[in-house]
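Data first, discussion second: the structure below is written as structure tokens.
Only a predicted model underlies this, so the values are computations on that prediction, with no experimental measurement involved.
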Amino acid sequence: MKKILGLSLLLFTCTSFWAQINPSFYGVKSHYGFIIAHSPELKPISQTNPFGLQLEYSWLKTSDKAWKTCFCYGRTGFSFAYFNYANPDVLGSSYNLIYFVEPYFTYRGPLKFSLRGSIGTTYLTKTFDEETNPENLLFSSHLSFYLALSLNLNYHINDGYSINLSANYNHISNGGQKQPNKGMNFPTLSLGVDKVINYTELKRKPKSLRSYETSFDYYFGTFASLRSSDREAEATNHLLIGFMGGLLKPISGINGLNAGIELWYDYSDREIARQRGISDSAFSSAVTAGHHFSIGNFYFLQQFGFYLTRPKNIQGNWLYQRYSFWYSIGSSKRWTIGASLIAYGKVADHMDGRLIYLIN
């Protein structure tokens, strides 16, 4: 633990060599929270209060060009977080490397209100083992995915320091790559302090910069994942491959609505149907609708999916939620790469990787 903290501090210190006139922030914050028992079998191991420590480096670009990408000021950065789940024999702890974006809703004066979206990877010290750790139904692979959404209040004490209070919703899952994979949802409150370099008072931008496109954007792409052929226990992984298309409609500088269709073939469903001796097809199709944030090169989508066809004896739900993260690449910004998480109610099911082409 001491070596990892030392390495993280060294990395954050080194970034000062390329920090320029834009404000930058070196931060530390503490976390304390609880685990949501989203299914009855998780209650015995969810009666703890996770706590943690987070180190981070972020920067804020103040140019007109940077502001116009989302019609807002916002921070971007990297962090390292350590979480202890207060159950060392069953749940252990985790080490997380995280990338985040944080647009400001208010920025005038010392008090700033912001929303942060985070994505990263995590290393878990304790995972499910049928003989030595059968109670841990939350994690089954040491390397997993980390997602979080945070509401933040930042107060600048002076030009050199600020304090922050955050409400965080954290999620860890292996994306359905290995079972069992109930995944952990653990809200936390965090209190932190930032060292501010090159503090700049943020000013309101002229109205001439506030125009944005209101026309429809269209997208189509493909996605893929590996899924276990047993939803509750460890088993072999099988390919899921799919295609999607739809439209995006801006309704403000950063907000929009979306609708689309998804088609996929799941070879793990085909294997389950073979094992059970049922005739369900492994093909699924659905229509989706939802809301998205568009912040510069980033898209954050929250959608509901309504099945048109599905293997009903394997998948009993007709409605799902999908949470997606897209990032535009290349000079044209038409190609995007990303990932999405599909969930049924409180239960995360699996993650996939996505390649998408945008038509403006």
Q: Taking S225 for its side chain and L240 for its backbone only, find out whether a donor-acceptor pair lies under 3.5 Å.
A: no
(Q) Has D194 got a side-chain atom pairing as donor or acceptor with V196's backbone, closer than 3.5 angstrom? (A) no
Q | Cluster link I35 to F128, ILVMFWY, side chain under 4.5 Å | A | yes
(Q) Looking at every heavy atom in both L124 and S144, which two are closest together, and how far apart are they? (A) CD1-OG, 3.7 Å
Q: Establish, for the pair K112 and Y107, whether the NZ or CZ atom is under 6.0 angstrom from the six-membered ring centre and no further than 45 degrees off its axis.
A: no
Q | Nearest atoms (heavy-atom pairs only) where D266 meets R227 | A | OD2-NH1, 2.8 Å
Q) Does the side chain of T48 pick up a donor-acceptor pair with the side chain of N87 at under 3.5 Å? A) no
**Q.** N133 side-chain N/O to V90 backbone N/O, donor-acceptor pair under 3.5 Å
**A.** yes
Q) Would one find more than 12 heavy atoms of other residues, nucleotides or ligands at under 6.0 Å from atom NZ of K43? A) no
**Q.** Nearest heavy atoms of P103 and C72, plus distance in Å
**A.** CB-SG, 3.9 Å
Q | Residues D280, K312; criterion salt bridge (charged side-chain N to carboxylate O under 4.0 Å, His left out); working and verdict | A | CA-CA 7 Å; D280 276 18; K312 294 182 179 179; over 6 Å; no
**Q.** Flag for T309-S285: side-chain donor and acceptor within less than 3.5 Å
**A.** yes
Q) Parallel, tilted or perpendicular for Y95 and F80, by the 30°/60° rule? A) parallel
Q) Of V287, I342, T288, which meets side-chain contact (heavy atoms from CB on, under 4.5 Å) against E262? A) T288
Q | Note, F293 side chain near L115 side chain (heavy atom, < 4.5 Å) | A | yes
Q: For Q302 and F300, indicate whether the former's side chain and the latter's backbone hold a donor-acceptor pair under 3.5 Å.
A: yes
Q) Is it true that D269 and R310 make a salt bridge, defined as a side-chain N closer than 4.0 Å to a carboxylate O? A) no
Q) Any sub-3.5 Å donor-acceptor pair from S150's side-chain atoms to N152's backbone N or O? A) no
Q. In the single-linkage hydrophobic clustering (I, L, V, M, F, W, Y; side-chain heavy atoms under 4.5 Å), do L341 and L149 co-cluster?
A. yes
Q. Taking E271 for the side chain and Y267 for the main chain, is one N or O donor matched with an acceptor at less than 3.5 Å?
A. no
Q: Kindly indicate whether the side chain of N136, heavy atoms from C-beta on, has any atom under 4.5 Å from the side chain of L91.
A: yes
Q. Transitively linked via ILVMFWY side-chain contacts under 4.5 Å: I157 with L165?
A. no
Q. Taking the side chain as C-beta and beyond, is there a heavy-atom pair between Y155 and L111 under 4.5 Å?
A. yes
Q | Full working for side-chain contact (heavy atoms from CB on, under 4.5 Å) between L301 and R322 | A | CA-CA 8 Å; L301 298 91; R322 187 178 291 284; over 6 Å; no
Q) Any donor and acceptor pair, going by atom type alone, linking the side chain of R276 with main-chain N or O of N313 inside 3.5 Å? A) yes
Q | Heavy-atom side-chain contact between H291 and N255 under 4.5 Å | A | yes
**Q.** Contact check, side chains of I359 and F220, non-hydrogen atoms, under 4.5 Å
**A.** yes
Q. Quick one: does D129's side chain have a donor or acceptor within less than 3.5 Å of a partner on E131's backbone?
A. yes
Q.
Do T336 and Y219 make a side-chain contact, defined as non-hydrogen atoms from C-beta onward lying under 4.5 Å apart?
A. no
Q. Yes or no on side-chain contact (heavy atoms from CB on, under 4.5 Å) for T188 and K29, after CA distance, side-chain angles and deciding distance?
A. CA-CA 12 Å; T188 61; K29 61 178 62 178; over 6 Å; no
Q. Does the gap between the ring centers of Y307 and Y320 come in under 6.0 Å?
A. yes
**Q.** Within 45° cone and under 6.0 Å: K195 NZ/CZ vs F25 ring
**A.** no
**Q.** Same apolar cluster: Y85 and Y169, side chain cutoff 4.5 Å
**A.** no
**Q.** Option among F186, F83, F51 that satisfies the ring pair (Phe, Tyr, Trp, His ring centres under 6.0 Å) test with H31
**A.** F83
Q | Check: Q303 side chain, A259 main-chain N or O, donor-acceptor pair, under 3.5 Å | A | no
Q: Would you kindly say whether N96 and S94 are connected by a side-chain donor-acceptor distance under 3.5 Å?
A: yes
Q. Is a side-chain donor or acceptor of T125 paired with a backbone partner of S93 at a separation under 3.5 angstrom?
A. yes
Q: Describe, in one word, how the ring planes of F113 and F105 are oriented to each other, choosing from parallel (under 30°), tilted (30 to 60°) and perpendicular (over 60°).
A: tilted
Q: Kindly work out whether a path of hydrophobic side-chain contacts (I/L/V/M/F/W/Y, heavy atoms less than 4.5 Å apart) joins Y327 to L147.
A: yes
